[in-house]
Undergrad: 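Below is a structure I'd like to ask you about.
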Amino acid sequence: MSERLSGHTLLISLIATPIRHSLSPKMHNEAFAKLGLDYAYLAFEVGNEELADAVQGIRALGIRGSNVSMPNKQAIIPYLDEISPAAELVGAVNTVVNKDGKGHLVGHVTDGTGAVRALAEEGVDIKDQIITLAGAGGAGTAIAVQLGLDGAKEVRIFNPKDAAFANAEKTVEKINSRTNTKASVTDLADDAAFKQSIAESSIYIDATGVGMKPLEDLSLINDPEVIRPDLVVFDVVYSPAETKLLKFAKEHGAKKAINGLGMMLYQGAEAFKLFTGEDMPVDYIKDLLFKEEN
Ligand code: NAD
């Protein structure tokens with residue numbers, strides 16, 4: 001690393017809290033080194049209170065781009081000059097580009113494109129498909145919007161009647177009015193509707209985080225009859241690499257059981273492309289970062 005850094009090195013930041021556990025610095029720095037790009041990527045512990053100053057810092061220092069994670073994904077929007085159509089629909093940003101370092105900041109969201117690309121890499125095409133999606137928080141909303149933008153036939157969201165439910169209703173309205181995809185949201189407590197929806201879907205996506213600590217012993221699907229040989233099951237959780245849901249789906253013969261590693265990798269790759277204009281060497285990064293988790 002010390003041999004790479006110079007007075008010309010361009011900085012990419014990551015602003016979030018807590019952030020020290022993030023895989024993104026390693027992912028991007030290893031990719032810069034592999035491609036011989038004169039960039040460095042650093043994580044900064046930034047919450048909502050420091051956000052305005054941090055964005056000012058990006059402009060003042062000519063930082064070329066930034067990833068943004070919780071709790072700043074929505075809060076950063078008023079500080080930006082422009083946001084992409086997908087970020088506008090999602091209402092959140094995870095990637096900011098400072099084009100040529102001149103201070104004009106454009107916000108993007110790559111979680112949804114990352115998820116759709118992860119599915120495509122597994123041979124799963126979402127176009128014209130009926131998809132049941134559990135969860136309407138940050139990840140679920142980005143995925144739902146991208147499924148709409150990329151031409152899914154229907155996105156049927158299921159969520160408990162908590163704070164995210166109202167957000168899901170707004171997302172559904174936007175997808176229905178701005179894309180050709182039919183979207184709906186139903187209370188997850190309606191188990192019969194949930195099962196019926198999955199029975200009519202070719203893809204089931206869990207974006208709730210159920211299956212991750214401290215909920216690692218839980219799965220929203222526990223009835224073997226729900227799993228079919230033509231059903232793709234995708235869980236956005238990547239740690240553990242095999243959630244209870246994915247284990248259950250495999251045991252009962254689902255067509256595919258896909259974890260969130262690909263989504264994590266490709267949301268990073270999409271951001272990398274926006275920062276540098278180059279393709280991340282994804283196979284190399286996948287081996288480096290995720291081998292032991294797979
Ligand atoms: P969030 O808190 O914004 O949303 C969580 C959603 O799940 C909400 O809609 C909530 O209503 C629902 N939910 C919460 N507890 C539930 C329960 N017990 N039963 C049913 N529904 C429940 O969180 P998020 O940022 O969207 O993250 C969700 C998960 O996605 C986390 O596990 C996170 O690690 C993962 N994630 C993965 C990637 C990736 O790249 N693979 C990216 C982002 C998030």
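In each ligand, atom 1 is the first atom listed, and ligand 1 is the first ligand listed.
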Undergrad: When only distance counts, is Gln267 in polar contact with ligand 1, meaning an N/O pair under 3.5 Å?
TA: no
Undergrad: Which ligand 1 atoms are under 4.0 Å away from a heavy-atom of Asn159?
TA: 8 (C), 9 (O), 10 (C), 11 (O), 12 (C)
Undergrad: Between Leu188 and ligand 1, is there a nitrogen or oxygen pair with a distance under 3.5 Å?
TA: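 No, Leu188 has no N/O under 3.5 Å of an N/O on ligand 1.
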Undergrad: Under 3.5 Å between any N/O of Val210 and any N/O of ligand 1: does that happen in this structure?
TA: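 No.
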Undergrad: If we count only N and O atoms by modelled type, under 3.5 Å, do the side chains of Thr243 and Asn259 hold a donor and an acceptor together?
TA: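 On atom types as modelled, these side chains do not qualify, holding no pair under 3.5 Å.
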Undergrad: Can you check atom 2 (O) of ligand 1: any protein non-hydrogen atom closer than 4.0 Å?
TA: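 Within 4.0 Å of atom 2 (O) of ligand 1, no protein heavy atoms are found.
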Undergrad: Who gets closest to atom 28 (C) of ligand 1 by heavy atom: Gly262, Ala207, Gly260?
TA: Ala207
Undergrad: Assign the ring pair Phe32 / Tyr41 to parallel, tilted or perpendicular, where the plane angle (0 to 90°) is split at 30° and 60°.
TA: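 The rings of Phe32 and Tyr41 sit tilted, inter-plane angle from 30° to 60°.
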Undergrad: Looking only at distance, does Val236 have an N or O less than 3.5 Å from an N or O of ligand 1?
TA: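 Looking only at distances, the answer is yes, because the N/O contact criterion of under 3.5 Å is met.
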Undergrad: Would you indicate whether Glu49, at its atom CD, is surrounded by more than 12 heavy atoms from other residues, nucleotides or ligands within a distance under 6.0 Å?
TA: no
Undergrad: If you measure from each non-hydrogen atom of Tyr238 to ligand 1, which part falls under 4.0 Å: side chain, backbone, both or neither?
TA: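 Near ligand 1, Tyr238 shows its side chain, while the N, CA, C and O stay back.
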Undergrad: Under a 4.0 angstrom heavy-atom cut-off, which atoms of ligand 1 come close to Asp162?
TA: 10 (C), 11 (O)
Undergrad: Exactly one of Gln267, Glu270, Gln146 should register a side chain to side chain donor-acceptor pair (under 3.5 Å) with Arg117. Which one does?
TA: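 Testing each of Gln267, Glu270, Gln146 against Arg117, the sole residue satisfying side chain to side chain donor-acceptor pair (under 3.5 Å) is Glu270.
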Undergrad: Could you tell me whether the side chains of Ser24 and Asn67 share a donor-acceptor contact shorter than 3.5 Å?
TA: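 Not at all, the side chains of Ser24 and Asn67 share no donor-acceptor pair under 3.5 Å.
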Undergrad: Side chains of Asn72 and Asn48: do they bring a donor and an acceptor to under 3.5 Å?
TA: yes
Undergrad: Relative to ligand 1, is Met212 under 4.0 angstrom through side chain, backbone, both or neither, heavy atoms considered?
TA: side chain
Undergrad: Would you check whether Gly137 has a nitrogen or oxygen atom less than 3.5 angstrom from a nitrogen or oxygen atom of ligand 1?
TA: yes
Undergrad: Could you tell me whether a side-chain N or O of Asn94 sits under 3.5 Å from a main-chain N or O of Ser69, the two making a donor and an acceptor?
TA: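 A pair under 3.5 Å: no.
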Undergrad: Within a distance of under 4.0 Å, is there any protein heavy atom near atom 33 (C) of ligand 1?
TA: no
Undergrad: Which residue holds the protein heavy atom closest to atom 42 (C) of ligand 1, what is that atom called, and what is the gap in Å?
TA: Met263 CE, 3.7 Å
Undergrad: I need the atoms of ligand 1 closer than 4.0 Å to a non-hydrogen atom of Gly209, numbered in the order shown.
TA: 29 (C), 31 (C), 32 (O)
Undergrad: Less than 4.0 Å between a side-chain N and a carboxylate O, is that true for Glu216 and Lys244?
TA: no
Undergrad: Could you tell me whether Met264 and ligand 1 have an N or O pair separated by under 3.5 Å?
TA: yes
Undergrad: Would you indicate which of Asn94, Leu265, Thr208 comes nearest to atom 7 (O) of ligand 1 when only heavy atoms are counted?
TA: Thr208
Undergrad: Can you list the atoms of ligand 1 that are under 4.0 Å from a heavy atom of Ala136?
TA: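 With Ala136 as reference, the close atoms of ligand 1 come out as 9 (O).
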Undergrad: With heavy atoms of Val237 as the reference, note each atom of ligand 1 found under 4.0 Å away.
TA: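 Here the atoms of ligand 1 in question are 32 (O).
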Undergrad: Is any side-chain heavy atom of Tyr238 less than 4.5 Å from a side-chain heavy atom of Met212?
TA: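 Counting from C-beta outward, Tyr238 and Met212 never come under 4.5 Å.
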Undergrad: Ligand 1 versus Ala139, non-hydrogen atoms closer than 4.0 Å: side chain, backbone, both, neither?
TA: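 Contact part for Ala139 vs ligand 1: both backbone and side chain.
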Undergrad: Looking at Lys195 and Glu225, does any basic side-chain N land under 4.0 Å from a carboxylate oxygen?
TA: no
Undergrad: Please examine the side chains of Leu42 and Ser13, heavy atoms only from C-beta on, and report whether any two atoms are closer than 4.5 Å.
TA: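 No - every pair of side-chain heavy atoms lies 4.5 Å or more apart.
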Undergrad: So do Val109 and Val93 actually touch side chain to side chain, heavy atoms under 4.5 Å?
TA: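 Answer no - side chains too far apart.
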Undergrad: Quick one: do Lys127 and Asp125 satisfy salt bridge (charged side-chain N to carboxylate O under 4.0 Å, His left out)? Show the steps, please.
TA: CA-CA 6 Å; Lys127 202 162 164 38; Asp125 187 359; over 6 Å; no
Undergrad: So which protein heavy atom does atom 23 (O) of ligand 1 come closest to, and at what separation?
TA: Gly138 N, 4.4 Å
Undergrad: Does any N or O of ligand 1 fall below 3.5 Å from an N or O anywhere on Asp111, backbone included?
TA: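 Between Asp111 and ligand 1 (N or O atoms, distance only) the closest approach is not under 3.5 Å.
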Undergrad: Only heavy atoms of Ala164, strictly under 4.0 Å: list the atoms of ligand 1 that pass.
TA: 8 (C), 9 (O), 11 (O)
